[in-house]
Amino acid sequence: MPELPDVETYKRYIDATALHKTVKKVAIDASDLLEGISKTSLQRHLRDRQLVSTRRHGKYLFVQLSDERWLVFHFGMTGRLKYFRDLDDTPPYTDMLIEFDNGFHLAYIAPRKLGMIGLINDTDRFVRQRQLGPDAMDVTLQQFEESARGRRSAVKTWLMNQRVIAGIGNVYSDEILFHAGIHPKANIKDLQEPQIKRLFEALREVIHTAVNAQADPKKMPSTYLTPRRGNAKQCPRCGGLLDQVTIGGRTAYFCPKCQSG
Ligand SMILES: [Zn+2]
């Protein structure tokens, strides 16, 4: 599922490909993904505009148009982007296809139809309306400590709450907890100050490393848990068997030996 490192990779991908190109036409196949705008209205707003800049907050990607409005993308469970020339290369399940005047195309693909496409005037207002917490790449220790205060829930659930910190989902909450040596079911109210600090340091380290690895588990260090998600895998630290537990409907992977704190 696309989390901050994935969406940051998509952002840099757009920056390196489709930015400063002019939209010729737009095909939209999945009107149910559109939020607050109709298909024809979105097509009209995009036509003849350039994509001029990008911004990301948590799992949302914003692409500014030359008329100052912003396209918003959320990638749901499996969404992604692809920039290519030949129409024959259009990926299956493409929901929106932008054609640029240089002959290239940008596809937004969300096979499980859980993503979102919108058009907004103000990204800060959008972040406020969605009640998103600080972005996981920018959050400060002080903000982190403040949002932990008075909370009582499994620490994994807390980390995944977009109103606390925006950008962390199932995979990276496991990775962060693994590096912090904290059990995913530990209650946030029982964590001591040094554990909260350790959790924050782990968050910084994991997000930074995953963004540098372009969210590709194969490019992550061998000390990482993410490449070992799955049945009967070994802990990269102690070699013991990883365990799994369901928390809030999501499967968490963890090492029962290394994450007892
Ligand atoms: Zn272990």
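Both ligands and their constituent atoms are indexed starting at 1 by order of listing.
No side-chain donor from either of Thr251 and Gln244 sits under 3.5 Å from a side-chain acceptor of the other.
Identified under the ring-ring contact (aromatic ring centres under 6.0 Å, His included) test for residues 114-149, with sequence neighbours left out: Tyr60-Phe126, Phe62-Phe126, Phe144-Trp158, Phe144-Phe200.
Screening Leu61, Leu71, Leu33 for a side-chain contact (heavy atoms from CB on, under 4.5 Å) involving Tyr108 leaves a single residue, Leu33. The side-chain contact (heavy atoms from CB on, under 4.5 Å) test with Val63 singles out one residue from Ile98, Thr54, Asp15, and that residue is Thr54.
With respect to the salt-bridge test (charged N to carboxylate O, under 4.0 angstrom), the residues Arg228 and Asp174 do not qualify. Remark: Lys197 engages Glu193 in a salt bridge, criterion side-chain N to carboxylate O under 4.0 Å.
The tally of protein N/O/S atoms under 2.8 Å from the Zn ion (ligand 1) stands at 4.
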